Engineer: 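For reference, the structure I am asking about is given below.
These numbers come from a predicted model, not from an experiment.
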Amino acid sequence: LLLFCIVVSFDTGTPSSPAGWSIAASIGDGNGGTRTICWVRVADGGEGASVSVTVGAVNTWTAISLRITGQDAAFPITVAPTTNSATSGSTAAIVTPSITTDGVDNLIIRFGSTRESSAISNPAGGYTDIAESGAGSGFADARTQASSILQPGTGASGTANMVATGGDRD
């Protein structure tokens, strides 16, 4: 399973979709500051070595791509998007939703995205840092963090908070 997420600051439109990929989520922060778009594709050998999208000329963007193996072929991904629009301040919580799993050993991947920050933390409680990516600086920067945890049994995961620090975030 391939997952590609891009964060665009100043939400002026959705970037073009890469050929052969399906949108899993497109989530804005509610005030035009950032938009996170995630695409998914089941790897079949024809996906090529790179992914190409077109973003607006004035946008700052950053991206994370993941390859996940061992997923359930019948239900490779379930998405639970949320938005969180923080106001000014030196720290801002990015609240990710509770996810209810229906099997054992489910991999939960959480993305936190923002602009005007220097870092985004992993949620507390055993999450592993997959990747953090950032571009630009100051008012027009874009940043994203991907974290994961393996949930061994069925049930609700509970919410998880990532914290964006530095600067003045949206």
Engineer: Look at the side-chain heavy atoms of Ile, Leu, Val, Met, Phe, Trp and Tyr, link any pair under 4.5 Å apart, and say whether Phe111 and Tyr127 land in one connected group.
Structural biologist: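 Looking at the clustering, Tyr127 is in a separate group from Phe111.
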Engineer: Restricting to non-hydrogen atoms, name the atom on Ala164 and the atom on Thr114 that form the minimum distance, rounded to 0.1 Å.
Structural biologist: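 Here Ala164 and Thr114 meet closest at CB-CG2, 4.0 Å.
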Engineer: If you look at every heavy atom in Gly134 and Thr62, which pair is closest and at what distance?
Structural biologist: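 In terms of heavy atoms, the two residues are closest at N-OG1, 3.4 Å.
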Engineer: With sequence neighbours excluded, what pairs up with Arg143 under the side-chain hydrogen bond (donor to acceptor under 3.5 Å, both in side chains) test?
Structural biologist: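 For Arg143 the side-chain hydrogen bond (donor to acceptor under 3.5 Å, both in side chains) partners, ignoring immediate neighbours, are Glu132.
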Engineer: Look only at the side chain of Thr36 and the backbone of Ser26, and say whether a donor-acceptor pair between them is shorter than 3.5 Å.
Structural biologist: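 Absent.
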Engineer: With a 6.0 Å cut-off (strictly less than), is the heavy-atom count around CG of Asp105, excluding the residue itself, greater than 12?
Structural biologist: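 Atom CG in Asp105 is packed in, count exceeds 12.
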Engineer: Identify whether Ile99 and Leu1 are in the same connected component of the hydrophobic contact network (ILVMFWY, side-chain heavy atoms under 4.5 Å).
Structural biologist: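 The answer is no; the residues belong to distinct hydrophobic clusters.
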Engineer: What about Ile23 and Trp21, same hydrophobic cluster or not, with Ile/Leu/Val/Met/Phe/Trp/Tyr joined at side-chain heavy-atom distances under 4.5 Å?
Structural biologist: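 In one cluster with Ile23: Trp21, yes.
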Engineer: Roughly how far, to the nearest 0.5 Å, is OG of Ser121 from CG of Asn161?
Structural biologist: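 If I round to the nearest 0.5 Å, the distance is 8.5 Å.
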Engineer: If you measure only the distance, is there a donor-acceptor pair under 3.5 Å linking the side chains of Ser22 and Trp39?
Structural biologist: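 Side-chain D/A pair, Ser22 to Trp39: absent.
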Engineer: Determine whether Ile130 and Val40 fall in the same hydrophobic cluster, where Ile, Leu, Val, Met, Phe, Trp and Tyr are linked whenever their side-chain heavy atoms lie under 4.5 Å apart.
Structural biologist: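 Shared cluster, yes.
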Engineer: Can you give the donor-acceptor pairs under 3.5 Å from side chains of residues 45-53 to other protein atoms, not counting sequence neighbours?
Structural biologist:
from  : atom 1 : to    : atom 2 : distance (Å)
Glu47 : OE1    : Asp44 : N      : 2.9
Glu47 : OE1    : Gly45 : N      : 3.0

Engineer: What's the spacing between Asn106 CG and Gln151 CD if we round to 0.5 Å?
Structural biologist: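 Asn106 CG to Gln151 CD: 6.5 Å, rounded to 0.5 Å.
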Engineer: Can you name the closest pair of heavy atoms from Ser9 and Asp141 and give their distance?
Structural biologist: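 The answer is CB-O, 3.5 Å.
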Engineer: Could you please spell out the steps behind the side chain to side chain contact (heavy atoms under 4.5 Å, CB included) verdict for Ile94 and Val163?
Structural biologist: CA-CA 6 Å; Ile94 301 169; Val163 178; over 6 Å; no
Engineer: Is it the case that Arg110 and Ser148 place a side-chain donor and acceptor less than 3.5 Å from each other?
Structural biologist: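 Note: Arg110 and Ser148 side chains miss the donor-acceptor criterion.
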Engineer: Mind listing the closest non-hydrogen atom pair of Ile6 and Pro15 along with its distance?
Structural biologist: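 Shortest heavy-atom contact: CG2-CG, 4.4 Å.
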Engineer: If you define the side chain from C-beta out and look only at heavy atoms, does anything of Leu66 sit under 4.5 Å from Leu2?
Structural biologist: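 A side-chain contact under 4.5 Å is absent here.
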Engineer: Is Thr144 close to Cys5 at the side-chain level, that is, under 4.5 Å between some pair of heavy atoms?
Structural biologist: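 The answer is no; the side chains never approach within 4.5 Å.
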Engineer: Under 4.5 Å between any side-chain heavy atoms of Arg35 and Val7, yes or no?
Structural biologist: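 Arg35 vs Val7: side chains apart.
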Engineer: Do Ile109 and Ser147 have side-chain heavy atoms sitting under 4.5 Å apart?
Structural biologist: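 No. Closest side-chain heavy atoms not under 4.5 Å.
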Engineer: Ser157 and Ile108: which non-hydrogen atoms are nearest, and at how many Å?
Structural biologist: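 Between these two residues, the closest heavy atoms are CB-CD1, 3.7 Å.
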Engineer: What's the verdict on side chain to side chain contact (heavy atoms under 4.5 Å, CB included) for Thr96 and Thr159, showing C-alpha distance, side-chain angles and the deciding distance?
Structural biologist: CA-CA 6 Å; Thr96 60; Thr159 60; 5.8 Å; no
Engineer: When clusters are formed by joining ILVMFWY residues with side-chain heavy atoms under 4.5 Å apart, either directly or through shared neighbours, do Leu107 and Leu3 land in the same one?
Structural biologist: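 As far as the 4.5 Å side-chain criterion goes, Leu3 and Leu107 are connected within one cluster.
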Engineer: Just by distance, do the side chain of Thr154 and the backbone of Asp102 share a donor-acceptor pair under 3.5 Å?
Structural biologist: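 Looks like no, no N/O pair under 3.5 Å.
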Engineer: Indicate the atoms forming the closest heavy-atom contact of Ala160 with Pro123, along with that distance.
Structural biologist: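 Smallest interatomic distance, heavy atoms only, reads CB-CB, 3.7 Å.
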